[in-house]
Asker: 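Can you read through this structure? Questions will come right after.
Side-chain atoms are counted along with the backbone in the values below, which use heavy atoms only and exclude waters and symmetry mates.
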Amino acid sequence: MDHAAVLALFDRDIREGAQPDSPDARVERVGGVVRQVSSARGWNGVVWSDLDETNADEVIAGQIAYFSGLGREFEWKLYGHDLPVDLGERLRSAGFTAEPEETLMIAEVAALDLDARPPEGVRLLPVTDAAGVDLVADVHEKAFGTDGSRLRHQLLARLTGEPDTIVAVIALAGDEPVSAARMELVPGTRFAGLWGGGTVEGWRGRGVYRALVAHRARAAVERGYRYLQVDASSQSRPILERLGFAPLTTTTPYTYVP
């Protein structure tokens, strides 16, 4: 895989050419940025920018004014190769808070091991309705220690309004949900994104996460996607590297609360 070429393709198709991630969101291209505007329960933020030292501060201020006028908390999703090189410092100076850095990892689906199966006693169940969404959100809350209400809203809206763009799965040990994940498909591109992938404590290190990656990769193959993309934490990066994912750059969410 040509890392530079794939990263350029990702920037063009997924960031600059971003599509709304839910039925109640819209994408706007204005003033050197591409941003998503959604409801208070959806994701609001900047996904791509084309800035330099002469206009960065003015554009940052403009986005703060825009989202503050809507009463929305928003995120500026900064990648390690974005310009200007001090964009992160400029965001912090403007009042943004940096969240933990992650690694953008991409793999060609054809190069992955798709035979990984869940450990004995664990079965994978497709998520197709509100009951399944509740299980995903419950696992998310236990695995990450965060509120799952936004995930509930977004996942249910996607399954209801755009079911062909989402694949969600829950891992059950007996009747106990122990892990969950989703894959977001971007029509008209070659990329599918892996998200979630949370496993509750006590079931980590047993191959459940690996099985969820393989399950979603097989679904991507069936739908004709060439690349899988992940924003990997420090915990999941080693697993993904062993599976065949390559680190291409870093990504850091910068959050602004009006």
Side-chain angles (χ1 to χ4, degrees), residues 1-3 5-23 43 47 77 79 102-118 122-129 132-133 135-136 139-140 151 154-172 179-199 207-233 236-249 251:
M1 184 172 72
D2 184 331
H3 291 189
V6 172
L7 182 58
L9 183 65
F10 175 83
D11 279 343
R12 188 193 74 190
D13 287 358
I14 303 302
R15 300 183 64 206
E16 188 177 3
Q19 300 177 30
D21 69 1
S22 66
W43 186 86
V47 296
K77 195 166 175 61
Y79 289 79
E102 295 180 317
T103 303
L104 172 68
M105 305 188 74
I106 294 179
E108 286 197 72
V109 182
L112 296 176
D113 176 8
L114 304 183
D115 294 328
R117 304 294 173 179
V122 174
R123 58 194 172 96
L124 303 186
L125 183 69
V127 173
T128 59
D129 56 20
V133 169
L135 291 178
V136 171
V139 167
H140 187 275
L151 175 61
Q154 290 179 307
L155 183 52
L156 187 57
R158 197 87 173 248
L159 285 170
T160 302
E162 301 173 338
D164 293 337
T165 68
I166 189 79
V167 173
V169 60
I170 188 88
L172 298 173
S179 188
R182 68 189 189 278
M183 177 171 66
E184 297 181 359
L185 308 167
V186 187
T189 77
R190 284 162 278 185
F191 290 92
L194 303 187
W195 301 95
T199 303
V208 181
Y209 177 80
R210 180 188 178 100
L212 289 176
V213 172
H215 174 87
R216 289 174 289 170
R218 289 192 295 270
V221 170
E222 292 170 359
R223 290 160 175 79
Y225 285 84
R226 180 174 180 180
Y227 299 107
L228 287 179
Q229 166 257 321
V230 188
D231 289 349
S233 67
S236 58
R237 175 173 171 169
I239 302 171
L240 291 164
E241 283 186 308
R242 288 194 294 271
L243 287 173
F245 283 79
L248 299 193
T249 187
T251 177

Asker: What residue among Ile166, Val167, Leu194 forms side-chain contact (heavy atoms from CB on, under 4.5 Å) with Glu184?
Answerer: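 So, applying the side-chain contact (heavy atoms from CB on, under 4.5 Å) to Glu184 and each of Ile166, Val167, Leu194, only Ile166 qualifies.
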Asker: When rounded to the nearest 0.5 angstrom, what distance separates OG1 in Thr249 from NE2 in His3?
Answerer: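 Answer for the OG1-NE2 pair, Thr249 versus His3, is 12.5 Å.
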Asker: List the atom of Ser236, the atom of Tyr209, and the distance in Å for their closest heavy-atom pair.
Answerer: CB-OH, 3.5 Å
Asker: For the CZ atom on Arg190, are there more than 12 heavy atoms of other groups (residues, nucleotides or ligands in this structure) within a distance under 6.0 Å?
Answerer: no
Asker: How close do Gly198 and Val139 get, counting heavy atoms only, and between which atoms?
Answerer: O-CG1, 3.5 Å
Asker: Say you draw a straight line from CZ of Arg15 to CG of Leu7; how long is it, rounded to the nearest 0.5 Å?
Answerer: 8.5 Å
Asker: Could you check whether any side-chain N or O of Thr160 sits under 3.5 Å from a backbone N or O of Leu156, counting only pairs where one atom can act as donor and the other as acceptor?
Answerer: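 Side chain of Thr160 to backbone of Leu156, a donor-acceptor pair under 3.5 Å: yes, one is there.
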Asker: Using side chain to side chain contact (heavy atoms under 4.5 Å, CB included), reason through Leu114 and Val221 one step at a time and then give a plain yes or no.
Answerer: CA-CA 10 Å; Leu114 304 183; Val221 170; 4.0 Å; yes
Asker: Under 4.5 Å between any side-chain heavy atoms of Val127 and Val169, yes or no?
Answerer: no
Asker: Quick check for you: to the nearest 0.5 Å, what is the distance between Arg216 atom CZ and Trp195 atom CH2?
Answerer: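 Output value for this atom pair is 11.0 Å.
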Asker: Leu172 vs Val122, test: side chain to side chain contact (heavy atoms under 4.5 Å, CB included). Steps then yes/no.
Answerer: CA-CA 5 Å; Leu172 298 173; Val122 174; over 6 Å; no
Asker: Search all heavy atoms of Ala246 against all heavy atoms of Met1 and return the closest pair with its distance.
Answerer: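 Distance-wise, the nearest heavy atoms are CB-CE, 4.0 Å.
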Asker: How many angstroms lie between atom OG1 of Thr165 and atom CG of Asp21, to the nearest 0.5 angstrom?
Answerer: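 Thr165 OG1 to Asp21 CG: 9.0 Å, rounded to 0.5 Å.
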Asker: Tell me, please, which residues at least two apart from Tyr227 pass ring pair (Phe, Tyr, Trp, His ring centres under 6.0 Å).
Answerer: Phe191
Asker: How many angstroms lie between atom CZ of Arg223 and atom CG of Asp164, to the nearest 0.5 angstrom?
Answerer: 8.0 Å
Asker: Taking all non-hydrogen atoms of both residues into account, name the closest pair between Ala107 and Gly244 and its distance.
Answerer: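 Closest approach of Ala107 to Gly244: CB-O, 3.8 Å.
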Asker: Can you tell if the side chain of Phe245 reaches within under 4.5 Å of the side chain of Ile106, non-hydrogen atoms only?
Answerer: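 A side-chain contact is absent here, since even the closest heavy-atom pair is not under 4.5 Å.
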Asker: Do side-chain atoms of Arg158 reach the backbone of Pro163 as a donor and acceptor pair under 3.5 angstrom?
Answerer: no
Asker: Side-chain contact test, heavy atoms from C-beta onward, threshold under 4.5 Å: evaluate it for Leu212 versus Ser179 and give yes or no.
Answerer: yes
Asker: May I have the step-by-step check of side chain to side chain contact (heavy atoms under 4.5 Å, CB included) for Asp129 and Leu159, ending in yes or no?
Answerer: CA-CA 7 Å; Asp129 56 20; Leu159 285 170; over 6 Å; no
Asker: With a 4.5 Å cut-off on side-chain heavy atoms, are Leu112 and Leu228 touching?
Answerer: yes
Asker: Does a side-chain heavy-atom distance below 4.5 Å link Val213 with Leu240?
Answerer: yes
Asker: Does a side-chain heavy-atom distance below 4.5 Å link Thr251 with Lys77?
Answerer: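 Touching, per the 4.5 Å side-chain cut-off.
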Asker: Does some side-chain heavy atom of Arg226 sit less than 4.5 Å from a side-chain heavy atom of Glu108?
Answerer: yes
Asker: With a 4.0 Å cut-off on N to O distance, would you call Arg218 and Glu222 a salt bridge?
Answerer: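 No.
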Asker: Indicate the atoms forming the closest heavy-atom contact of Ala180 with Ile170, along with that distance.
Answerer: CB-CD1, 3.6 Å
Asker: First locate atom CZ of Arg210, then atom CZ of Arg117, and finally report the distance between them rounded to the nearest 0.5 Å.
Answerer: 12.0 Å
Asker: Identify the two heavy atoms, one from Met183 and one from Ala219, that lie closest to each other, and give their separation to 0.1 Å.
Answerer: CE-CB, 3.7 Å
Asker: Is there side-chain contact between Arg237 and Pro247, with heavy atoms separated by less than 4.5 Å?
Answerer: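 Side-chain contact under 4.5 Å: yes.
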